[in-house]
*Asks:* 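Let me give you the structure first, and then I'll get to my questions.
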Amino acid sequence: MVFGTGIDIVQINRIEKLLNNKNFINKVYTKKEQDYLDRRKYNPQTAAGIFAAKEAISKALGTGIAGFNITDLEIQNDESGRPYVVLYNNALKLSIEKCIVSINISISHEKEYAVSIAIAEIN
């Protein structure tokens with residue numbers, strides 16, 4: 001059963017400009033995400049997609065980025081490249097409190113924008 005949905009769209013050039021700011025990178029991206037971005041040479045589309053996914057997930061949780069850090073949401077990819085989220089700290093606690101059993105995400109981008117949708121499910 002669907003608990004919540006979230007969608008977010010990000011201008012890729014806005015994130016591209018922020019990728020020169022180490023404080024932004026450390027505030028938004030986990031170490032694993034930074035390693036992934038490094039392997040992708042900090043591709044702005046990839047960074048914007050991850051950012052959009054985090055915003056979409058926060059909306060699906062029903063709180064926005066409130067009560068937890070954005071780095072409590074970590075976007076990873078399975079062997080086929082499909083993105084998924086790993087929750088930590090307060091985001092994990094929040095999802096447990098709300099009985100969320102899974103969060104499915106999808107990320108897409110084209111020339112100027114990256115978009116992501118998240119669907120949080122409960123039993």
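Numbering of residues begins at 1 and proceeds along the displayed sequence.
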*Asks:* Please report the interatomic distance CD1(I100) to CG(L87), rounded to the nearest 0.5 Å.
*Replies:* 8.0 Å
*Asks:* Determine, using the 4.5 Å side-chain heavy-atom cutoff (strictly less than), whether Y42 and V10 are members of one ILVMFWY cluster.
*Replies:* yes
*Asks:* Could you go through residues 59-76 and list every donor-acceptor pair under 3.5 Å that involves a side-chain atom there, pairing it with any protein atom two or more places apart or in another chain?
*Replies:*
residue	atom	partner	partner atom	Å
K59	NZ	I7	O	3.0
K59	NZ	D8	OD1	2.9
D72	OD1	N89	ND2	3.0
D72	OD2	N69	N	3.2
D72	OD2	N90	N	3.4
E74	OE1	Q76	NE2	2.4
E74	OE1	Y88	OH	2.9
E74	OE2	T30	OG1	2.7
Q76	OE1	Y84	OH	2.8

*Asks:* How close do P83 and I107 get, heavy atom to heavy atom, and via which atoms?
*Replies:* CB-CD1, 4.0 Å
*Asks:* Any chain of hydrophobic side-chain contacts (each under 4.5 Å) joining I96 to L94?
*Replies:* yes
*Asks:* Out of curiosity, does Y113 fall in the hydrophobic cluster containing L18 (side-chain heavy atoms, cut-off under 4.5 Å, transitive links)?
*Replies:* no
*Asks:* Looking at G49 and A114, what are the two nearest heavy atoms and their distance?
*Replies:* N-CB, 3.7 Å
*Asks:* Does the side chain to side chain contact (heavy atoms under 4.5 Å, CB included) test come out yes or no for N104 and R82, once each step is laid out?
*Replies:* CA-CA 10 Å; N104 295 301; R82 181 176 174 235; 3.7 Å; yes
*Asks:* Where the side chain of E121 meets the backbone of N123, is there a donor-acceptor pair that is under 3.5 Å apart?
*Replies:* no
*Asks:* Going by the rule salt bridge (Lys or Arg N to Asp or Glu O under 4.0 Å), which residues pair with K31 if we only count those two or more places apart in sequence or in a different chain?
*Replies:* D35
*Asks:* Enumerate the residue pairs fulfilling side chain to side chain donor-acceptor pair (under 3.5 Å) with a member in residues 15-28, sequence neighbours excluded, ordered by first and then second residue.
*Replies:* N26-Q34
*Asks:* Of all residues at least two apart in sequence or in a different chain, which pass the side chain to side chain contact (heavy atoms under 4.5 Å, CB included) check with T5?
*Replies:* V2, I119
*Asks:* Could you state whether F3 and I57 fall into the same hydrophobic cluster, counting links through intermediate Ile, Leu, Val, Met, Phe, Trp or Tyr residues with side-chain heavy atoms under 4.5 angstrom apart?
*Replies:* yes
*Asks:* Please report the shortest heavy-atom distance between A56 and S116, naming the atom on each side.
*Replies:* CB-O, 3.6 Å
*Asks:* Establish whether V28 and I15 are linked, either directly or via other cluster members, by ILVMFWY side-chain heavy-atom contacts under 4.5 Å.
*Replies:* yes
*Asks:* Which pairs, with at least one residue in residues 44-54 and sequence neighbours excluded, count as a salt bridge (Lys or Arg N to Asp or Glu O under 4.0 Å)?
*Replies:* E33-K54
*Asks:* Quick one: does S108's side chain get under 4.5 Å of V115's, heavy atoms only?
*Replies:* yes
*Asks:* Kindly compute the distance separating OH (Y29) from CG (L19), expressed to the nearest 0.5 Å.
*Replies:* 5.5 Å
*Asks:* Drop me the distance from K111's NZ to I12's CD1, to the nearest 0.5 angstrom.
*Replies:* 11.5 Å
*Asks:* For the atom pair CZ (F51) and OG1 (T46), what is the distance rounded to the nearest 0.5 Å?
*Replies:* 15.0 Å
*Asks:* Taking the side chain as everything from C-beta on, heavy atoms only, tell me whether L37 gets closer than 4.5 Å to I25.
*Replies:* no
*Asks:* Suppose we screen for salt bridge (Lys or Arg N to Asp or Glu O under 4.0 Å). Which residues come up paired with E55, at least two apart in sequence or across chains?
*Replies:* none
